Amino acid sequence: MDTTWILVADSGRARIFEMHNHAAITELQDLTNSLGRLQDKELKTDKEGRFFGRPAQGNTSEPDVSPEAHQALLFAETIDKFLSDSYHHQRFSKLQLIVPPEFLGLLRKKLDDQVRKVVVKEVPKDLSGASVKDIQHYVS
């Protein structure tokens, strides 16, 4: 099997393309993370958590991770699960990643070890909204 998948993604959208023997690419899947496009203030639903130190002294605590970063992390996990399941069902043998730098780092940490081993190319660029023709230029 000489099937290469190309993941073109950012924190809000992931597109999966397929290429056989360096031919033209075709789009297989379009995953979206609607919450990934929201601002932090739109994701917050509560006040900061409260904790108490000495008697009658209340404090608030900022979360360790912003809501926006948390949504990006969850989306990276969704992408990893999709790629991992597809790889284990032998749907592709090579993987190319075209992902902006900040999301690429997050995705690298989440990728299944076996999937990470078949990554043959990484392009740190945001092409999630680009045309198929523009994406083809980067995989050729």
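Computed from a prediction, not measured in an experiment: that's the story for all the values here.
- Remark: K117 NZ is loosely packed, at most 12 non-hydrogen atoms of other residues, nucleotides or ligands lying under 6.0 Å away.
- For the pair F17 and V139, the minimum side-chain heavy-atom distance is 4.5 Å or more.
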Applying side-chain contact (heavy atoms from CB on, under 4.5 Å), run through E18 and R91 and close with a yes or a no. CA-CA 10 Å; E18 185 174 72; R91 295 186 61 197; 5.8 Å; no

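- Of all heavy-atom pairs between A14 and L7, the closest is CB-CD1, 3.9 Å.
- Exactly one residue among V119, I6, V120 makes a side-chain contact (heavy atoms from CB on, under 4.5 Å) with L95. That residue is V119.
- Interatomic distance, OG1 of T4 versus NZ of K121, reported as 10.5 Å (0.5 Å rounding).
- Under the 4.5 Å side-chain contact rule for hydrophobic residues, V8 and V132 share a cluster.
- Linking Ile, Leu, Val, Met, Phe, Trp and Tyr whenever their side-chain heavy atoms come within less than 4.5 Å puts L83 and L73 in one cluster.
- Nearest heavy-atom pair, F103 versus A9, reported as atom, atom and distance to 0.1 Å: CE2-CB, 4.3 Å.
- V118 and M19 fall into different hydrophobic clusters, defined by Ile, Leu, Val, Met, Phe, Trp and Tyr side-chain heavy atoms under 4.5 Å apart, directly or through other members.
- Atom CD1 of I16 is separated from atom OG1 of T26 by 12.0 Å, given to the nearest 0.5 angstrom.
- Using the six-membered ring where Trp is involved, Y87 and F92 have ring planes that are tilted, between 30° and 60° apart.
- Listed for the Q136 side chain is a donor-acceptor partner under 3.5 Å among the backbone atoms of I25.
- Annotation for D10 and P100: closest pair CB-CG, 3.9 Å, computed over non-hydrogen atoms.
- The cluster map of Ile, Leu, Val, Met, Phe, Trp and Tyr, joined by side-chain heavy atoms under 4.5 Å apart, puts L31 and V99 in the same cluster.
- Side chain of K110 to main chain of I79: no donor-acceptor pair is present (N/O by atom type, distance under 3.5 Å, no hydrogens or angles).
- Heavy atoms only, all atoms of each residue included: E122 and R108 are closest at OE1-NH2, 2.5 Å.
- The cluster map of Ile, Leu, Val, Met, Phe, Trp and Tyr, joined by side-chain heavy atoms under 4.5 Å apart, puts I135 and L107 in different clusters.
- The pair K81-D112 does not count as a salt bridge, with every side-chain nitrogen at least 4.0 angstrom from each carboxylate oxygen.
- Put simply, the side chain of S93 gets close to the backbone of T3: a donor and an acceptor are under 3.5 Å apart.
- For the pair L111 and L97, the minimum side-chain heavy-atom distance is below 4.5 Å.
- Taking both residues in full, the closest heavy atoms of Y138 and V123 are given as CD2-CG1, 4.0 Å, listed atom of the first, atom of the second, then distance.
- One N or O on the side chain of R15 and one on the backbone of A130 form a donor-acceptor pair closer than 3.5 Å.
- Judged by distance alone, with hydrogens and angles left aside, the side-chain atoms of D126 form a donor-acceptor pair with the main-chain N or O of S128 at under 3.5 Å.
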